[in-house]
Visitor: 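A single structure is presented below for examination.
Quick note on labels: first sequence line is chain A, next is B, and so on, each numbered from 1.
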Amino acid sequence: MLNVTLPDGTVKEVPVGTTPLDVARSIGEGLARQTVAAYFGDDLVDASRPIESDVHLRLVTLNTPEGLEIYRHSTAHLMAHAVKELFGREVQVTIGPAIESGFYYDFYSDTHTFSPEEFDKIEQKMAELAKENLPIERQVVKSAEAIKLFNEMGEDYKVELIEDLGEEEVSLYRQGTFVDLCRGPHIPSTGMLKAFKLTSVAGAYWRGDEKNAMLQRIYATAFTDKKELKQHLHRLEEAKKRDHRKLGRELDLFSFNDEAGAGLVIWHPKGALLRTIIEDFEKREHFKRGYDIVMGPQILRTELWKTSGHFDNYRENMYFTEVDEQSYGIKPMNCLAHMLIFKSKKRSYRDLPQRYFELGTVHRHEKSGVLHGLLRVRGFTQDDAHILCTPEQLDGEIKKVLGFVRDVMGIFGFEYELEISTRPEKAIGSDEDWERATHALKSALDDTGLPYEVNEGDGAFYGPKIDIKLKDALDRKWQCATIQCDFTLPERFDLSYIGSDGEKHRPVMVHRVILGAIERFIGVLIEHYAGNFPLWIAPVQVKVLNVTDSQAAYVEQVCEELRSEGVRVQADLRNEKLGFKIREAQMEKVPYMLVIGDQEVAAGTVTARHRSGENLEPMKPADFIRFIHEECKLYH
RNA sequence: GCUGGCGUAGCUCAAUAGGCAGAGCACCUCACUUGUAAUGAGGAUGUUGGGGGUUCGAUUCCUCUCGCCAGCUCCA
């Protein structure tokens with residue numbers, strides 16, 4: 001008999017060969033139904049793995065994130081199984097992991113191309129195989145034997161995987177006629193798999209390398225019951241309604257135009273206003289924090305891009321133009337002019353830090369396939385700044401920037417993720433420089449008390465960086481703010497300041513953006529608010545609606561009064577029913593509507609309706625203006 | 001850039017096994033003077049993304065190109 005210690009400390013005596021599933025069953029049938037795997041100490045194993053010595057046993061159940069991941073991984077196997085049943089040797093299997101909210105499986109075929117029309121067929125086959133409730137069995141074999149097996153089956157990718165693993169033995173998982181190389185663990189049998197749906201098919205390179213073969217990746221989602229699956233699909237539908245590309249058109253904020261070119265935003269009046277409001281906000285915030293606003297030219301001579309290193313390292317992404325036999329590069333970054341400003345006169349340590357801020361419009365030739373609404377464009381404006389300081393000031397400057405990020409994200413109500421990237425293999429600058437800069441970034445991050453990820457070796461070749469990422473409606477992460485140390489540019493431009501010792505010293509440079517690209521930020525912002533902008537940034541804050549023509553003059557008067565106090569207001573004097581005008585204002589997501597009928601004219605008041613449907617008491621226009629100003633102040 | 005899908009009116013979408021391209025909303029006109037999410041009637045709306053080809057005839061088939069979508073890769 002063996003002793004099995006459960007998480008609560010109780011010890012069970014069981015015969016050799018008892019499985020975790022048996023243990024679960026002995027506790028309760030319900031628990032057994034939920035058990036998908038188990039921990040023997042720190043080892044994650046199948047629920048059907050026999051217990052052969054005394055162990056600390058922890059069951060992994062479906063209602064845990066870990067359990068769900070195993071469940072999804074098993075669903076991926078079920079899909080591969082179904083595909084092999086349907087297509088046989090025409091399709092080869094590769095790998096298929098669980099991912100956030102589902103899984104995918106990559107297939108190779110040079111004769112068959114998967115299309116969404118086949119999803120039903122594959123799902124049906126999966127359901128059949130699940131219904132058969134095939135046991136999923138683990139088998140450990142010698143690698144040579146496995147290679148022979150997969151060779152016979154014509155599964156070249158599996159053979160390659162085993163060869164690369166270089167292990168003595170590998171584990172295989174079998175369910176019915178289907179065999180897959182897999183570390184596991186898996187659920188006990190296919191009958192547990194109940195709710196799944198194939199969602200899309202797309203290309204993916206074998207092992208993520210664009211030099212390798214293109215595989216066909218089928219994405220799917222899976223949940224432990226049908227209700228949750230339905231809810232998930234519903235959430236996706238809801239997220240689509242927030243898509244900034246859709247809202248951008250509906251709210252008449254911006255557009256793209258084939259003839260103008262891909263990835264080039266055309267801002268319509270309301271979008272341009274929204275952007276202006278955010279830019280004005282940024283200028284105020286930068287002034288408050290001791291930045292100087294600067295402006296550089298849109299094109300600079302190609303020679304200068306050679307000096308900076310952009311010509312060698314970034315040429316493919318740049319646009320060039322030639323006039324009078326003189327070559328110019330259209331700026332993809334704003335740093336050059338900032339370097340020239342610093343260099344324009346002799347600097348003393350007393351002048352540092354210099355903080356140059358520019359709402360700089362840049363153009364980058366991004367690959368066509370990566371363009372995505374406002375979130376990835378070819379022409380965009382960064383809220384860019386370069387801070388030139390002494391090495392001693394670096395730490396403090398970075399902390400200030402992180403504080404700036406925190407303040408701004410707080411105002412917009414964003415949660416964000418932090419990442420730090422450290423020295424890559426190929427890097428310039430002394431160990432000392434890297435050490436100091438990395439330390440400065442880390443200690444500033446630690447100061448925030450927020451969790452952050454460390455991406456070892458993922459920094460730029462010129463310095464370590466902190467990235468701040470926001471999520472879009474579909475949970476895709478987009479880098480917005482970034483704080484980067486740079487050792488190259490001060491050197492390449494031979495920047496210097498005179499220290500207290502009377503000697504020349506090299507300043508340290510921090511490159512940073514807070515919102516990142518205004519375009520991208522607004523894209524994420526639209527989705528974040530689902531188009532319901534808070535009052536202080538809403539391009540139209542108030543719409544004034546008359547009930548009949550007879551109130552037109554009073555409406556004009558009210559608009560005038562509001563406008564003169566800086567309220568962004570629009571009148572709707574069309575000869576339409578009130579309900580119709582309200583509906584339109586509602587769809588435009590205007591925060592406040594002022595309804596003006598004979599009562600309001602007689603009393604000299606306005607009756608405000610919030611887009612939530614709530615009505616305010618009638619009040620004098622002056623009081624409403626105060627009310628609006630108060631609400632705007634709540635945000636910043 | 002790569003793989004796959006897609007491109008019809010301002011928007012959302014029909015249609016044609018290759019044979020006069022259609023609906024709703026929006027737009028315009030008229031009537032109605034309206035009190036909290038769509039008043040009614042009438043009217044106009046297209047190089048079917050663009051070029052080339054096959055065909056008596058192409059929105060439909062082929063080809064190139066531009067753009068969009070999903071994903072991969074990339075993202076100083």
Visitor: Paired with B:U36 by Watson-Crick or G-U wobble geometry, both distances under 3.5 Å: which nucleotide is it?
Guide: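 Across all strands, not a single nucleotide pairs with B:U36.
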
Visitor: If you measure from the P atom in B:G67 to the same atom in B:A31, how many Å do you get, rounded?
Guide: 48 Å

Visitor: If the C1' atom of B:C32 is compared with that of B:U12, how far apart are they to the nearest Å?
Guide: 30 Å

Visitor: If you look at every strand shown and take non-hydrogen atoms under 4.0 Å, does A:G597 touch a base, only sugar-phosphate, or nothing?
Guide: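 Counting heavy atoms under 4.0 Å across all strands, the contact made by A:G597 includes a base.
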
Visitor: By the 4.0 Å heavy-atom rule, please label A:D486 as base, sugar-phosphate, or nothing.
Guide: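 No contact.
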
Visitor: In whole Å, what separates the C1' atom of B:U29 from that of B:U45?
Guide: 15 Å

Visitor: Is it true that the side chains of A:E456 and A:T422 contain a donor and an acceptor less than 3.5 Å apart?
Guide: yes

Visitor: Could you tell me how far B:U59 sits from B:A26 if I compare only their P atoms? Round to whole Å.
Guide: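 Rounded to whole Å, the distance is 31 Å.
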
Visitor: Over how many whole Å does the gap from A:E366 atom CD to B:C2 atom P extend?
Guide: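 In whole Å, B:C2 P lies 16 Å from A:E366 CD.
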
Visitor: Using purine N1 to pyrimidine N3 plus N6-O4 or O6-N4 for Watson-Crick, or N1-O2 and O6-N3 for G-U wobble, both under 3.5 Å, which nucleotide pairs with B:G4?
Guide: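 Checking every strand shown, B:G4 finds its partner in B:C69, with both distances under 3.5 Å.
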
Visitor: Which part of the nucleic acid, if any, lies within contact of A:E576, taking any heavy atom under 4.0 Å across all strands shown: a base, the sugar-phosphate backbone alone, or nothing?
Guide: base

Visitor: Determine the contact category for A:D258: base if any of its heavy atoms lies under 4.0 Å from a base atom, sugar-phosphate if only primed atoms, P, OP1 or OP2 are that close, otherwise nothing.
Guide: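 Sugar-phosphate: the residue A:D258, judged by heavy atoms under 4.0 Å, touches backbone atoms but no base.
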
Visitor: What contact category does A:R315 fall into here, base, sugar-phosphate, or nothing, at under 4.0 angstrom with non-hydrogen atoms?
Guide: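 A:R315: no heavy atom of the nucleic acid under 4.0 Å.
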
Visitor: Can you spot which of A:R235, A:R242, A:K241 makes a salt bridge (Lys or Arg N to Asp or Glu O under 4.0 Å) with A:E238?
Guide: A:K241

Visitor: So for A:R376 and B:C75, does any side-chain atom that can act as donor or acceptor lie under 3.5 Å from a complementary atom in the base?
Guide: yes

Visitor: Within 45° of the six-membered ring axis of A:F580 and under 6.0 Å from that ring's centre, is NZ or CZ of A:R583 located there?
Guide: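 Relative to the ring axis of A:F580, which defines the angle, A:R583 lies outside at least one limit.
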
Visitor: Have a look at A:K465 and say if it touches a base, only the backbone sugar-phosphate, or nothing, with a 4.0 Å heavy-atom cut-off.
Guide: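 Sugar-phosphate, backbone atoms only, no base.
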
Visitor: Under 4.0 Å, counting only non-hydrogen atoms across every strand here, what does A:T607 touch: a base, just sugar-phosphate, or nothing?
Guide: base

Visitor: With salt bridge (charged side-chain N to carboxylate O under 4.0 Å, His left out) as the criterion, how do A:R506 and A:D494 come out once you've worked through the C-alpha distance, each side chain's angles and the decisive distance to 0.1 Å?
Guide: CA-CA 8 Å; A:R506 185 82 74 211; A:D494 193 25; 2.8 Å; yes

Visitor: Can you say whether a donor on the side chain of A:Y205 sits under 3.5 Å from an acceptor on the base of B:G1, or the other way round?
Guide: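 Between B:G1 and A:Y205, which were checked side chain against base, a qualifying N/O pair under 3.5 Å is present.
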
Visitor: Just how far, in rounded Å, is C1' of B:C2 from CE of A:M214?
Guide: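 Result: 4 Å.
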
Visitor: Identify which nucleotide among B:U33, B:U36, B:A37 has an atom closest to any side-chain atom of A:T548, counting heavy atoms from C-beta outward.
Guide: B:U33

Visitor: Ring of A:Y104, cation from A:R217 - is the NZ or CZ under 6.0 Å from the centre and inside 45° of the axis?
Guide: yes

Visitor: By nearest atom, which of the nucleotides B:G71, B:U12, B:C69 is closest to the A:R245 side chain?
Guide: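 Nearest to the side chain of A:R245 among the choices is B:C69.
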
Visitor: Pick the P atom in B:A17 and in B:C13, then give their distance to the nearest Å.
Guide: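 Approximately 23 Å lies between the P atom of B:A17 and that of B:C13.
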
Visitor: Considering only side-chain heavy atoms of A:Q586, which listed nucleotide, B:A38, B:C72, B:A37, is closest?
Guide: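 Minimum distance to the A:Q586 side chain belongs to B:A37.
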
Visitor: Using a 4.0 Å heavy-atom cut-off, does A:E600 contact any base of the nucleic acid, only the sugar-phosphate backbone, or nothing at all?
Guide: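 Here A:E600 touches the bases of the nucleic acid.
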
Visitor: Rounding to an integer number of angstrom, what distance separates B:C25 and B:A9 when you compare their C1' atoms?
Guide: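 Straight-line distance between the two C1' atoms is 12 Å.
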
Visitor: Looking at B:A70, B:C68, B:C2, which one has an atom nearest to any side-chain atom of A:A262?
Guide: B:C68

Visitor: Once you round it to whole Å, what is the distance between C1' of B:C75 and CG of A:D458?
Guide: 11 Å

Visitor: Where the side chain of A:E210 is defined as all heavy atoms beyond and including C-beta, which of B:G1, B:U3, B:U36 is the nearest nucleotide?
Guide: B:G1

Visitor: Between C1' on B:G40 and NZ on A:K577, what's the gap in Å once rounded to a whole number?
Guide: 10 Å

Visitor: Does NZ or CZ of A:R72 come closer than 6.0 Å to the centre of the six-membered ring of A:F223, within 45° of the ring's axis?
Guide: yes

Visitor: Pick base, sugar-phosphate or nothing for A:D598, based on heavy-atom distances below 4.0 Å to the nucleic acid.
Guide: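 It contacts base atoms.
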
Visitor: On a heavy-atom basis, which atom in A:D252 and which in A:H268 lie closest, and how many Å separate them?
Guide: OD1-ND1, 2.8 Å

Visitor: Are the side chain of A:Q541 and the backbone N or O of A:V590 linked by a donor-acceptor pair below 3.5 Å?
Guide: no

Visitor: Would you mind reading off the distance between A:I218 atom CD1 and B:A70 atom P, rounded to a whole angstrom?
Guide: 19 Å

Visitor: Quick one: which of B:G1, B:C68, B:G35 gets closest to the side chain of A:V595?
Guide: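 From the listed options, B:G35 comes nearest.
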
Visitor: Under 4.0 Å, heavy atoms only, any strand: does A:H372 hit a base, just the sugar-phosphate, or nothing?
Guide: sugar-phosphate

Visitor: What does A:E250 touch in the nucleic acid at a heavy-atom separation under 4.0 angstrom: a base, only the sugar-phosphate, or nothing?
Guide: nothing

Visitor: Rounding to an integer number of Å, can you tell me how far A:K589 NZ sits from B:A37 C1'?
Guide: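 Rounding to the nearest Å, NZ of A:K589 and C1' of B:A37 are 12 Å apart.
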
Visitor: Just to be sure I understand the rule, does A:G208 reach a base, reach only the sugar-phosphate, or reach nothing, if contact means heavy atoms closer than 4.0 Å?
Guide: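 Since only primed, P, OP1 and OP2 atoms lie under 4.0 Å of A:G208, the category is sugar-phosphate.
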
Visitor: Send over the distance from A:D106 CG to B:C72 P, rounded to a whole Å.
Guide: 10 Å

Visitor: Here's a test of your reading of the structure: between A:S368 and A:R207, which maps to the more 5' nucleotide of RNA chain B?
Guide: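 Result: A:S368.
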
Visitor: Please name the nucleotide paired to B:U59 by Watson-Crick or G-U wobble geometry with both distances under 3.5 Å, or report none.
Guide: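 The answer is none; no pair meets the criterion.
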
Visitor: Using OP1 and OP2 only, check whether a side-chain N or O of A:Y592 sits under 4.0 Å from B:U36.
Guide: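 No, A:Y592 has no side-chain N/O under 4.0 Å of OP1/OP2 on B:U36.
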
Visitor: Taking the six-membered ring for Trp, are the ring centroids of A:Y105 and A:F103 within less than 6.0 Å of each other?
Guide: no

Visitor: A:R609 near the nucleic acid: base, sugar-phosphate alone, or nothing, with a heavy-atom cut-off under 4.0 Å?
Guide: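 Contact class for A:R609: base.
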
Visitor: Rounding to the closest angstrom, what is the interatomic distance between B:C64 and B:A70 at atom C1'?
Guide: 24 Å

Visitor: If you check every side-chain atom of A:I582, which of B:C69, B:A37, B:C2 has the closest atom?
Guide: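 Among B:C69, B:A37, B:C2, the one nearest the side chain of A:I582 is B:A37.
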
Visitor: Does B:C25 have a Watson-Crick or wobble partner in any strand here, with both distances under 3.5 angstrom, and which is it?
Guide: B:G10

Visitor: Write down the distance between CZ (A:F114) and P (B:U3), rounded to a whole number of angstrom.
Guide: 18 Å

Visitor: Taking the side chain of A:T113 as heavy atoms from C-beta outward, which of B:U39, B:G4, B:A70 is closest to it?
Guide: B:G4

Visitor: Applying the Watson-Crick and G-U wobble criteria at under 3.5 Å, what pairs with B:A44? Answer none if nothing qualifies.
Guide: none

Visitor: Verify the contact: side-chain N or O of A:R476 to OP1 or OP2 of B:A70, cut-off strictly under 4.0 Å; return yes or no.
Guide: yes

Visitor: If you look at every strand shown and take non-hydrogen atoms under 4.0 Å, does A:Y462 touch a base, only sugar-phosphate, or nothing?
Guide: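 Base: the residue A:Y462, judged by heavy atoms under 4.0 Å, touches a nucleobase.
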
Visitor: On RNA chain B, check which nucleotide each of A:R583 and A:L215 is closest to and give me the residue with the more 5' one.
Guide: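 Between the two, 5'-proximity favours A:L215.
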
Visitor: Please tell me if the side chains of A:E118 and A:F87 come closer than 4.5 Å, counting only heavy atoms from C-beta onward.
Guide: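 A:E118 vs A:F87: side chains touch.
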
Visitor: What's the closest nucleotide to the side chain of A:K367 if the choices are B:A37, B:G71, B:G1?
Guide: B:G1

Visitor: On a whole-Å scale, what distance lies between the C1' atoms belonging to B:U48 and B:G18?
Guide: 15 Å

